[in-house]
Amino acid sequence: MNISEYDALVLGAGVAGQEAALNLANMDYKVILVEKDKSIGGAMVQLSKVFPTLDCAACITTPKMSETVRHPNITVMTYSEVLEIERSGKNFNTSVLKHPRYVIEDACTGCQECESACPEIKDDEYNYGLAGRKVAYVPFTLANPRIASIERKDECAPCIATCPGGVKAYGYVSLVRGGLYEEAMNLHLEDIPLPGSLGRACYAPCEGECTRNETDGSVNIRRIKRFFSDYYYNKYPEPLTNSIENLSADRQDKSGKKVAIIGSGPSGLTAAYHLAKEGHTVKIFEADNELGGMLKSTIPSFRLPKDIVDRDIKNITSLGVEYELNNRIDKLGDLKSKGYDAIYVSVGTHETLKFNCSGKTLEGVLCCLTFLKNVNHGDKPDLTGKTVMVCGGGNVAMDSARTALRLNAKKVVVAYRRERDQMPAADIEIKEAEEEGVEFQFLKNPVEFIGENDQLTAVKCINMKLGEPDESGRRRPIPIEGSEHIVKTDIIIVSIGLLPSSSPFKDDLDLNKNGTIDVNPETLQTSEPYIFAGGDVVTGASSIIEAAGQGKRAAFFIDKYLNKEDLSEFEFDHRLPPASKEQVLARIENQKSIMPVIAYERTAKERIKDCNEIESTYTEEEALLSASRCLNCGNCRECHQCIEACPADAIDFNQREKELTLKVKSVILAPGFKLFPPENIFEYGYNKYKNVIHSMEMDRLLAPTRPFHDILRPLDVKKPDNIAYVLCVGSRNCSENNCVCSQICCMYSIKQGQLLMGALPLADITIYYIDIRAFGKGFEEFYQQGKAMGVEFVKGTIANITEKENGNLILRHENIETGDIDEAEHDLVVLSVGILPNSEMTSLFKNETLEVDEYNYIKQVDEMINPAKTSIEGVFVAGSASWPMDIPDSILSAGAASAESASYINKIKS
Amino acid sequence: MKTKIGVYICQCGGNISDYVDVEKVREAVKNEPGVALAKHMMFTCADSSQKEMIDDIKENNLDALVVASCSPKLHLYTFRNVAERAGINQYNYIQVNLREQCSWAHTDKPKDATLKGIGLVRAGIAKVRLSEALEKITISSYNVVTIIGAGVSGMRAAIELADMGTDVYLIEKDHFVGGRPTQMEELFQSKQTGKEITERLFTEIKKREKIKLFTGAELESLTGNIGNFHAKVKIKPRYIIPGYDKKKLKEAIEKCTDEVTDEFNFGLIKRKTIYKNYDKALPDIPVIDKDSFNPDDEFLETYKDCIDLNQKEKILNLKSGAILLCTGFDLYEPNKGEYGYENFENVITLHQLKRIIELNDNEKLIYNSKEIKRIVFIYCVGSRQTKGENKYCSRFCCTAAIHSSIIIKKEYKDIRCCHIYRDMRTYGKQEILYNEARDQKDMFFKFNEEEPPIIEKEGDNIIVKIKDVLLEGQEIELIPDLVVLVTGMIPRKDTPALANIVKAPIGLDKFFNEVHPKLRPVETVIDGVFIAGSCQGPKNITESINSSLAASAKIHSIISSGEIKLEPIIATINKDTCEWCGKCIEVCDYDAITKTEYNGKSIATVNIALCKGGGMCLPVCPVDAIEITGYSNSEIESMIDAINKEIKIESTEEVTPVDESEHKMKEMPEIWNKILESLKQEQKSISQIAEDTNLSSPVITYHIMTMVKYGYINPTEMDEMDEFYFYELKK
């Protein structure tokens with residue numbers, strides 16, 4: 001943790017915070033200015049003009065903002081939060097949390113290219129949500145520092161959160177929705193180079209987490225992936241030189257480091273891909289006669305056609321990754337002596353568990369892996385008329401059973417020692433196997449293989465029951481004594497478990513009891529620092545995406561290892577927590593149901609006739625419709641269009657929040673105010689009637705950087721010509737728990753009235769008031785000027801507001817001067833909302849109490865003589881945190897805070 | 001001569017570009033002699049734009065800079081700073097005022113505004129071509145401040161400045177410190193009295209060696225300039241011998257029979273001619289009011305150890321780096337007859353009321369030997385006059401009156417108070433006092449300025465007639481025992497005289513005027529002369545203290561280093577041609593010219609610290625011996641030539657809108673696609689698009705505006721009723 005020392009911490013960089021910081025800095029004190037928003041400037045930079053001089057707010061405040069940010073004695077921390085302040089001797093220790101912008105501040109030029117490219121629209125807070133802004137955005141034109149942010153709201157879509165390979169499902173689904181299939185592909189290739197294989201054979205945990213599961217069924221994410229990868233592969237049978245696969249080709253060999261990858265399954269391939277992209281020389285050693293591992297040898301082609309796998313593999317080999325086939329590596333040390341700087345062992349699980357019973361050498365007793373591999377290599381046994389028993393409940397068992405069916409077996413039975421619910425195979429596989437006619441017999445286990453003439457004829461099975469849960473959490477199957485029975489069987493395919501192929505390395509590396517290689521689970525480093533291991537040989541039999549995810553992880557840390565960095569300092573693939581499904585669903589209330597889009601599938605009868613694929617790829621229409629079902633759970637789509645657009649390479653999705661510790665001598669609190677929430681006064685219909693807006697929204701409408709191109713009412717953008725102001729909304733209102741007068745509302749309403757007279761010369765402006773409080777220098781004159789310009793002032797409180805069909809509003813009130821109950825019609829109503837104290841920082845102080853007054857403003861303990869003094873020595877208050885204030889008063893109060901703070905610093909320094 | 005000039009034209013977010021065709025301006029100036037680069041920008045003042053300029057300057061080795069934007073009052077320093085950061089001398093930068101002097105002035109004639117804009121920018125370019133690199137003038141400064149006025153503001157500033165390390169001369173005209181608050185007793189928002197606050201501040205001042213307090217001290221004259229002011233201060237004698245015997249003097253005071261009207265108590269009572277403002281007034285030394293003091297010789301002889309009527313006025317010469325005016329305010333004195341003031345003895349001012357309460361030692365409130373049971377307050381007396389002189393609101397009086405009424409009610413339960421007001425301005429937390437006054441059953445009547453209350457006398461009774469706005473203007477009659485006129489603050493009587501001495505400007509309200517209420521609220525246009533407290537305008541105590549502390553911080557940051565940098569744009573005298581006629585000295589507003597000897601003749605010399613480059617001396621010089629640095633004849637002449645140069649632009653009344661947006665979005669939100677689809681054929685209004693897309697108009701509004709922002713859609717014309725815009729796809 002960094003410790004930095006400053007004379008003063010100023011909390012809040014509105015006009016008061018800036019003034020206080022500048023004053024201190026000009027007196028040569030070192031100041032740290034912490035602002036929770038992404039730009040300094042506070043409320044003032046949102047204003048159109050300021051009363052009573054009618055100066056342009058931006059013109060007055062931007063020079064100050066620039067001066068603040070540029071001042072050599074001021075360090076500005078934006079998008080940061082003070083977490084705690086604790087006295088330590090003469091100083092305060094302060095911890096400050098810096099939120100990630102996902103943009104490297106020093107690199108960003110504020111060019112807004114990312115903003116142009118970003119496809120997601122969210123409410124623009126700067127404009128009070130009257131219009132939208134992008135998720136990648138510069139807070140506003142006048143922002144300072146002008147740095148873009150990716151507003152991820154610190155959450156992501158559940159599909160992204162859950163993917164073991166870190167693939168951005170929401171990102172590519174949204175790109176597909178926009179017809180950007182190649183971009184979708186490129187996004188996928190950022191993480192895993194095997195979209196073709198995954199589009200067909202991934203068990204798609206993302207779909208399981210999809211929020212749409214809670215309503216009418218998950219978005220078919222896997223099929224969408226299959227669609228864009230097929231689209232891409234059809235278009236580009238060979239990798240593009242300008243595609244992302246080759247973007248980093250120029251980095252080939254740049255590092256001068258050599259990495260050997262043992263095994264070319266999904267894990268090895270993915271590791272090779274990422275390492276090659278980092279510029280390392282990579283060579284894959286494969287024991288088999290082709291690359292691809294289980295993708296090629298085990299998964300049947302009706303689930304995963306081999307040409308697709310081959311095309312996926314080209315993504316890796318096109319980066320210049322070399323490979324040697326038929327080369328089983330047993331001695332890792334040999335590779336080291338051949339000059340390899342690091343080794344990644346990803347040999348998978350090519351050993352199988354065997355029944356330890358008599359008859360296991362009989363003809364007709366088959367190992368699942370051998371069986372599937374032979375079939376995949378074209379060595380297809382003819383099972384016509386045969387009865388086949390598959391023993392086991394995993395995916396390989398399902399693949400074996402379904403392959404057996406396709407080889408014309410008369411009957412295929414899956415015998416499993418537990419019940420269906422405990423089967424490790426993917427649900428869809430079990431379902432499809434059932435459809436195709438595979439028979440399931442649960443709670444049954446072979447105990448003996450019976451044969452004649454070395455040929456299997458039957459299997460003796462025993463029935464099981466489920467006992468107490470074992471270590472895996474599943475209930476342990478217990479044989480029921482005396483339930484043995486004979487089942488006539490021609491072929492038994494044993495698929496009761498895959499074992500890691502780690503035995504050759506047992507002398508070189510530490511192994512676990514179950515035979516997996518022992519690694520640091522974070523870095524995948526083995527007991528031998530230059531050797532890393534991952535995939536199934538570490539995790540035990542898993543899935544393509546999990547294995548690939550391990551490859552990506554290994555590559556990340558191998559790269560760090562090769563760069564001689566301390567691996568413990570890095571965190572791989574930090575993910576934001578998933579967005580709350582409840583909130584997403586609440587947002588889409590009343591959305592009409594669209595059922596999941598089912599791609600064409602061959603019927604079970606059809607498909608078992610051959611080994612061709614059973615499901616077809618989405619048509620473009622189907623893909624678009626399916627993608628359009630996405631509920632946009634995450635704030636940011638993670639489509640990475642911004643990364644592509646950024647000319648400065650400034651976007652970094654791996655940024656994390658950072659905590660800093662600062663030592664400061666004094667603290668100035670300048671957090672500003674909060675706006676009274678106008679919806680609290682139900683009778684005025686804010687939120688309910690679109691043409692009822694609040695005064696800050698009107699100030700935005702009047703500003704040169706406004707959300708609309710003219711003064712228009714938000715309902716139907718009619719140009720208003722009869723505008724009403726309702727004063728004292730939420731101030732001088734004890735029933736709303738805000739008895740005090742907000743001090744600024746009369747004046748800003750008069751200001752807006754005058755500005756509107758200029759902007760809409762034909763419009764009538766009426767201000768409904770209790771008392772007009774024009775008390776400051778030049779204020780009364782400004783009020784009289786407003787009257788003279790024709791702004792009408794009516795003394796009377798508005799009782800309620802109702803909406804007419806045309807969007808106009810009826811304001812019911814007693815006109816005090818006439819004594820009548822009037823109902824006035826206006827086409828736009830502005831609620832002049834009051835302000836509330838912002839005293840959130842009271843809880844920041846450890847072991848000391850920051851007192852507030854009875855109205856919750858920060859208490860000025862010696863208001864008459866030391867107006868900035870608070871209940872904590874060395875802590876001062878500036879601006880509207882202690883009392884409602886307009887800009888001149890805030891500036892003077894900030895001046896006082898800086899002076900008192902300077903004297904205090906002097907005192908403790910001496 | 002500058003040969004690589006960068007020209008930046010600001011759109012000012014439409015403030016300029018809506019009326020001045022900035023692209024045409026750019027076209028017209030880009031080939032001017034010396035121009036190497038010309039651009040326009042949305043906001044030249046934005047940080048990104050500043051960065052861009054610096055990059056441009058460095059990349060292209062530019063040697064001068066022109067920014068055509070707003071008034072130099074706003075951004076001169078911003079862009080000087082840009083120039084400096086990019087390595088160009090600040091004075092090789094010219095700001096052209098394209099907004100206040102062009103676009104805002106000619107909103108009705110965009111074409112002419114464009115033509116004028118071109119001329120102005122060309123003139124700026126011409127001037128910067130001939131500009132010279134200048135360095136700031138550095139002068140030394142005393143780290144000392146002279147504060148005029150030892151009310152709460154002045155005293156508080158003195159303490160703060162001393163604590164920050166600046167020496168202070170604190171000058172008070174009266175013989176006692178504390179100012180107005182000492183007359184006010186309990187103060188609202190606090191349980192303290194003005195006297196207590198004064199005592200606290202005075203005690204603190206006495207602890208600090210850095211503060212030298214002078215009472216009875218009046219500023220006679222002020223010369224010099226920031227960093228080096230010379231104040232001549234006259235000290236009036238107290239006629240009391242230092243180290244006097246307290247007991248004996250007390251005895252003298254008791255024996256003294258001369259009495260005069262007590263101004264401190266607003267003439268309600270008389271006081272002795274050996275006096276203090278009040279019992280515990282500070283400094284704790286009485287004063288003799290010599291003009292009204294007529295002791296016999298015996299008296300003088302008896303108290304000769306205490307009293308010395310031969311004490312003389314003293315003159316002090318004080319040197320300081322800055323002057324802080326904390327001279328406070330006077331109270332409005334109603335005219336005779338104004339609401340019956342001075343006509344009826346039971347019509348008094350709020351301040352008199354406060355003194356009456358203070359001086360009253362009966363269980364009941366007695367005034368003129370009569371018990372007071374009903375009080376009517378009439379507000380805004382002397383304030384908020386649309387016809388009278390005091391247009392302004394006095395800010396503190398509503399709360400002060402309300403607060404008095406609460407105090408009265410606490411002390412004398414039976415008194416009923418009525419308030420006749422215009423707008424109750426108990427702003428901020430003071431609103432609570434207003435609530436409290438209503439809770440104690442005070443009555444409130446609102447009047448319009450046009451129909452003020454009328455005060456009449458019927459027999460022994462005073463009758464107040466009001467047309468109460470709250471009762472539809474019904475006339476109401478009240479019969480109070482006391483009418484209290486709630487009078488506000490006015491500038492001190494001696495303000496004009498003081499303003500004359502320090503040269504600080506006075507505003508329309510006749511209070512001292514700040515440079516800018518938000519940017520420079522405690523500074524005056526005279527460098528080194530600052531203002532704080534209610535001499536700048538009505539303020540309550542906390543507000544005054546805030547401003548005096550703010551001024552302290554500002555002053556300290558300027559003078560504490562002992563060095564001040566000044567603008568080099570000043571007059572220079574050609575010593576050889578000057579024939580001393582004295583004309584220049586007559587017109588100089590800043591007393592910056594003096595007569596000196598040179599080569600055996602008299603010539604004029606310029607005080608570089610005082611000269612503001614005002615230029616008044618220049619045209620009056622009969623021999624053309626004066627030039628203003630940075631505004632030489634050749635520079636001005638070249639500007640005139642540049643403005644007169646013929647301008648060729650296509651004749652059009654339309655301003656071409658600036659379009660910098662570029663469509664980069666590959667994927668559109670679904671709604672955007674629908675909107676774009678709907679607008680493919682023809683322009684439509686929001687309601688038509690809403691109908692087309694089956695979406696609600698607020699949703700369409702939201703997205704249309706977002707799409708306008710990102711440059712996908714343009715608003716076009718309005719419908720016949722001038723109510724709704726049509727929108728079209730951007731070509």
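Chain naming here is simple, since letters A, B, ... match the order of the sequence lines and numbering starts at 1 in each. Values below: all heavy atoms of this structure, side chains included; hydrogens, waters and symmetry mates excluded.
- There is no side-chain donor-acceptor pair under 3.5 Å between A/Ser628 and B/Glu670.
- At a 4.5 Å heavy-atom cutoff, the contact between A/Ser174 and chain B is made by backbone and side-chain atoms alike.
- In this structure, no portion of B/Asn673 lies under 4.5 Å from any heavy atom of chain A.
- At a 4.5 Å heavy-atom cutoff, the contact between A/Lys134 and chain B is made by backbone and side-chain atoms alike.
- Options B/Ile541, B/Thr542, B/Asp163 differ in how many heavy-atom pairs under 4.5 Å they form with chain A, and the most are formed by B/Thr542.
- Of the residues considered (B/Thr78, B/Ile197, B/Val708), B/Ile197 shows the highest number of contacts with chain A, using heavy-atom pairs under 4.5 Å.
- Taking 4.5 Å as the limit, every side-chain heavy atom of B/Glu543 sits out of range of all side-chain heavy atoms of A/Leu892.
- Between chain A and the residues B/Pro715, B/Ser69, B/Cys398, the most heavy-atom pairs under 4.5 angstrom are made by B/Pro715.
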Legend entry - side chain to side chain contact (heavy atoms under 4.5 Å, CB included) between A/Asn866 and B/Arg156, worked out: CA-CA 9 Å; A/Asn866 296 301; B/Arg156 186 63 188 89; 2.5 Å; yes

Inset, instruction - Apply side chain to side chain contact (heavy atoms under 4.5 Å, CB included) to the pair B/Lys518 and A/Thr53, showing each step before the final yes or no. - result: CA-CA 10 Å; B/Lys518 296 174 184 69; A/Thr53 44; 3.8 Å; yes

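- For B/Asn390, no part sits under 4.5 Å from any heavy atom of chain A, backbone or side chain.
- Below 30°, between 30° and 60°, or above 60°: for A/His709 and B/Tyr727 the angle between ring planes is above 60°, a perpendicular geometry.
- Of the atoms belonging to B/Ser547, heavy atoms from both backbone and side chain fall under 4.5 Å from chain A.
- With A/Lys777 contributing its side chain and B/Gln536 its backbone, the two residues share a donor-acceptor pair below 3.5 Å.
- Residues B/Glu514 and A/Pro888 fail the side-chain proximity criterion, which asks for heavy atoms closer than 4.5 Å.
- To the nearest 0.5 Å, atom OH of residue A/Tyr769 and atom CG of residue B/Asp423 are 5.5 Å apart.
- Proximity to chain A (any heavy atom under 4.5 Å) is shown, for B/Arg520, by neither the backbone nor the side chain.
- The greatest number of non-hydrogen atom pairs below 4.5 Å with chain B, out of A/Leu22, A/Thr705, A/Leu712, is found for A/Leu712.
- Interface check for chain A: of the options B/Lys446, B/Lys539, B/Arg422, the most heavy-atom pairs under 4.5 Å are formed by B/Lys446.
- The most heavy-atom pairs under 4.5 Å with chain A, out of B/Lys429, B/Gln192, B/Arg395, come from B/Lys429.
- The parts of A/Lys718 that come within reach of chain B are both its backbone and its side chain, each placing non-hydrogen atoms under 4.5 angstrom from that chain.
- In this structure, chain B has no heavy atom under 4.5 Å from any part of A/Ala645.
- Only the backbone of A/Ser882 comes within contact range of chain B, with at least one heavy atom under 4.5 Å from a heavy atom of that chain.
- B/Ala553 approaches A/Gly895 most closely through the heavy-atom pair CB-O, 4.1 Å.
- In this structure, the portion of B/Met718 lying under 4.5 Å from any heavy atom of chain A is its side chain and not its backbone.
- Top candidate by heavy-atom pairs under 4.5 Å with chain B, chosen from A/Glu854, A/Glu120, A/Glu115, A/Arg706, is A/Glu115.
- Residues B/Leu508 and A/Glu781 form no side-chain contact, since every pair of their non-hydrogen atoms from C-beta on lies 4.5 Å or further apart.
- In terms of heavy-atom proximity, B/Met164 sits nearest to A/Ala899 at SD-O, 4.3 Å.
- Neither the backbone nor the side chain of B/Ser560 comes within less than 4.5 Å of any heavy atom of chain A.
- At a 4.5 Å heavy-atom cutoff, the contact between A/Gln860 and chain B is made by side-chain atoms alone.
- Closest approach of B/His75 and A/Pro63 over heavy atoms only: CE1-CG, 2.9 Å.
- A distance-only check finds a donor-acceptor pair linking the side chain of B/Tyr702 to the backbone of A/Asp123 [under 3.5 Å].
- Contacts of A/Tyr904 with chain B are absent, with no heavy-atom separation under 4.5 Å from either backbone or side chain.
- Contact count against chain A (heavy-atom pairs under 4.5 Å) is highest for B/Arg200 among B/Gln50, B/Met155, B/Arg200, B/His703.
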Inset, instruction - List the steps, then state whether side chain to side chain contact (heavy atoms under 4.5 Å, CB included) holds for A/Arg70 with B/Asn81. - result: CA-CA 10 Å; A/Arg70 247 186 357 243; B/Asn81 200 301; 3.5 Å; yes

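- Residue B/Phe43 touches chain A through its side chain alone, counting heavy-atom pairs closer than 4.5 Å.
- For the pair B/Lys709 and A/Pro707, the minimum side-chain heavy-atom distance is 4.5 Å or more.
- For B/Arg384 and A/Glu780, the salt-bridge test passes: some basic side-chain N is under 4.0 Å from an acidic carboxylate O.
- Taking both residues in full, the closest heavy atoms of A/Pro884 and B/Gly428 are given as CG-CA, 4.1 Å, listed atom of the first, atom of the second, then distance.
- No side-chain heavy atom of A/Arg146 sits less than 4.5 Å from a side-chain heavy atom of B/Lys51.
- Using a 4.5 Å heavy-atom threshold, the side chains of B/Lys391 and A/Gln784 count as separate.
- Taking a cutoff of 4.0 Å between a charged side-chain nitrogen and a carboxylate oxygen, A/Glu19 and B/Lys554 qualify as a salt bridge.
- You'll find the side chain of B/Thr399 stays beyond 4.5 Å of the side chain of A/Phe775, heavy atoms only.
- Chosen from A/Leu142, A/Ile121, A/Thr62, the residue pairing most often with chain B at heavy-atom distances under 4.5 Å is A/Ile121.
- Of the possible donor and acceptor atoms, none in the side chain of B/Asn546 sits under 3.5 Å from a partner among the backbone N and O of A/Asp889.
- Salt-bridge formation is detected for the pair B/Glu431/A/Arg773: a Lys NZ or Arg NE/NH1/NH2 atom is positioned less than 4.0 Å from an Asp or Glu carboxylate oxygen.
- For a residue to count as touching a neighbouring chain, one of its non-hydrogen atoms must lie under 4.5 Å from one of that chain's; by this rule A/Asp862 touches chain B with the side chain only.
- Both the backbone and the side chain of B/Thr426 come within contact range of chain A, each with at least one heavy atom under 4.5 Å from a heavy atom of that chain.
- Ranked by heavy-atom pairs under 4.5 Å with chain B, the list A/Arg732, A/Lys690, A/Met885, A/Glu817 is led by A/Arg732.
- With respect to chain B, the highest number of heavy-atom pairs below 4.5 Å among A/Asp716, A/Ile891, A/Leu130 belongs to A/Asp716.
- Panel note: side chain B/Thr706, backbone A/Gly132; a donor-acceptor pair is recorded below 3.5 Å.
- Per-residue heavy-atom pair counts under 4.5 Å with chain B were compared for A/Asp55, A/Val15, A/Ile905, A/Leu24, and the maximum is reached by A/Asp55.
- Neither the backbone nor the side chain of A/Phe782 has a heavy atom closer than 4.5 Å to any heavy atom of chain B.
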Inset, instruction - Would you please test A/Thr818 and B/Glu472 for side chain to side chain contact (heavy atoms under 4.5 Å, CB included) and show each step? - result: CA-CA 5 Å; A/Thr818 60; B/Glu472 299 157 45; 5.9 Å; no

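- Side-chain atoms of B/Tyr725 do not come within 3.5 Å of backbone N or O of A/Asp710 as any donor-acceptor pair.
- Between A/Leu715 and B/Thr701, the closest side-chain pair of non-hydrogen atoms is not below 4.5 Å.
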